[in-house]
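Here the structure is laid out as structure tokens; the discussion comes afterwards.
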Protein chains: 2
Amino acid sequence: MVEEAAEDQLAIFDLPGHLARRLHQIAVSIFMEGAREFGITPVQYSALSAIRHVPGIDQRRLSRMIAFDRSTIGDVVQRLVKKGLVAAERGTADRRTNRLFITDEGSAAIDAMQPAVDRTNKDLLKPLSDGEQAIFMFLLQKLVHRNNDMSRAPLFPSEGRQGTARAKGPAGDESP
Amino acid sequence: MVEEAAEDQLAIFDLPGHLARRLHQIAVSIFMEGAREFGITPVQYSALSAIRHVPGIDQRRLSRMIAFDRSTIGDVVQRLVKKGLVAAERGTADRRTNRLFITDEGSAAIDAMQPAVDRTNKDLLKPLSDGEQAIFMFLLQKLVHRNNDMSRAPLFPSEGRQGTARAKGPAGDESP
DNA sequence: TATGGAAAGGCAGTATACTGTCATCTTTTT
DNA sequence: AAAAAGATGACAGTATACTGCCTTTCCATA
């Protein structure tokens, strides 16, 4: 019919923006399904992991580290605290900061979730062959890293993956 | 120093789920910047395009067509109506449905936005070479289409890209 | 040392996205 | 025709994401 012919012409489906939205939608869906028993979201998992790796990190550094918006991170942290997975305390060296620590419960939760989380990430790529997966991941990383400064909460290299550039100086060492 | 070593080990950055979230985040950011003068979101643009292509479509079909959640679509439509870009009327043949039509204003808005939208989609892929872009888009489409049924609002083939005309352009599912 | 700029975090407001529930209407079955 | 089953949309509730504004605190510098 006329309707269907019109639908055929819709160009949206092949636009990278639309596909990026769909990929994210699908990734969240697979994660929520695979980690259902733990009642945790992808974002909460990322935050929890980061806090375990950098005990005492403040919210601002956390948001830059995993590219969360600085406004969003407050709510996420609040939920993790409420669940007893994270403990927060006011910084003493800099009283503006909210320093975050993972609890024993939180640490145990991450360990328990590990296999399920690994599985969800594998499942997402399953439609591709091994070779295709490698290529896709390489290009996806390149795209994200090169476009890093295009979002409000860019990932800062020095606070994120490599940490050697400017991480040595300030912050951090008022440890408990 | 202990801190920095710890940060280096954070595995999140290379997980497909995290990168999918970042890619979407970046895509939205580029779109909002590039289409700032039009005051429209990526999702609203998709809905508007779909409504123009299938005048009189109801909300349920629209949500399946562009893979929106059926709960979300109501709000999106409401905003488009409020902006005067879309008109809604109760269906007569099936009085449960909310039939959607694009207004002259809405149609003019799409036309005016076209160049800016094209530019944002180009910009997103700009970090990759032409060859890499083609490969990435091919794999991204494959991934999204094969994982289609993994989210709550899957895109229905019969209402989405191929309709009746599957024969002429099978979307290159297999061959590159 | 006084002061202005900048940083950290909170809060309000808006927009997507999903779950679950409900009322209404349609279609199928009996 | 009456009852059961299914579809459509509305609504409440939760979670990410972002913009803008505000207070508190820190820091550099005049």
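Here is how names work: the chains are called A, B, and so on, in the same order as the sequence lines, proteins then strands, and each is numbered from 1.
Atom CZ of A/F68 is separated from atom P of C/dA8 by 17 Å (rounded to the nearest Å). The CG atom of B/D94 sits 6 Å away from the P atom of C/dT26 (whole-angstrom rounding). In this structure, B/H24 atom NE2 and C/dC18 atom P are separated by 10 Å, rounded to whole Å. Rounded to whole Å, atom C1' of D/dC18 lies 8 Å from atom CE of B/M32. Per the geometry, NZ belonging to B/K83 stands 13 Å off P belonging to C/dT14, to the nearest Å. Separating the CG atom of B/D58 from the C1' atom of C/dT26 is a distance of 13 Å, rounded to the nearest angstrom.
The side chain of B/Q59 places no N or O atom within less than 4.0 Å of a non-bridging phosphate oxygen (OP1 or OP2) of D/dA7.
Interface remark: the A/S71 side chain does not form any donor-acceptor pair with the C/dG9 base, using a distance-only criterion of under 3.5 Å. Taking only distance into account, the side chain of A/S29 never meets the base of C/dC18 through a donor-acceptor pair shorter than 3.5 Å. For A/R70 against C/dG9, no side-chain N or O and base N or O form a donor-acceptor pair under 3.5 Å.
Here the CZ atom belonging to B/R96 is positioned 9.5 Å from the CZ atom belonging to B/R60, to the nearest 0.5 angstrom.
Put simply, the side chain of A/N147 gets close to the backbone of B/L124: a donor and an acceptor are under 3.5 Å apart. Side-chain atoms of B/Q78 do not come within 3.5 Å of backbone N or O of B/D75 as any donor-acceptor pair. A/K83 places a side-chain N or O within donor-acceptor distance of the main-chain N or O of A/G39, the cut-off being under 3.5 Å. Between the side chain of A/N148 and the backbone N or O of A/V144 there is no donor-acceptor pair closer than 3.5 Å. Panel note: side chain A/Q141, backbone B/F13; no donor-acceptor pair is recorded below 3.5 Å.
Near-neighbour residues of DNA chain D inside residues 33-44 of chain A, defined by a heavy atom below 4.0 Å, number-ordered: A/T41, A/V43, A/Q44.
A/V28 comes within 4.0 angstrom of nothing in the nucleic acid, heavy atoms only. Across all strands shown, B/T97 has heavy atoms under 4.0 Å from sugar-phosphate atoms exclusively, and none from any base.
Heavy-atom contacts from other residues, nucleotides or ligands closer than 6.0 Å to NZ of B/K122 number 12 or fewer. Counting non-hydrogen atoms of other residues, nucleotides and ligands closer than 6.0 Å to CG of A/D111 gives a total above 12.
Each of A/Q78 and B/D75 was matched to the nucleotide of DNA chain C holding its nearest heavy atom; the match closer to the 5' end belongs to A/Q78.
The nucleotide whose nearest atom lies closest to any side-chain atom of A/D69 is, among D/dC18, D/dT8, D/dC26, D/dC18. Comparing D/dC26, C/dA8, D/dG9 against the side chain of A/R60 picks out C/dA8 as the nearest. Closest approach to the A/R96 side chain among D/dC26, D/dG6, C/dA17 is made by D/dC26 (side chain taken as heavy atoms from C-beta onward). Here the side chain of A/R21 is nearest to one of D/dT25, D/dT8, C/dA17, namely C/dA17. With distances taken from any side-chain atom of A/Q25 to the nucleotides C/dA17, D/dC18, D/dA10, the minimum falls on C/dA17.
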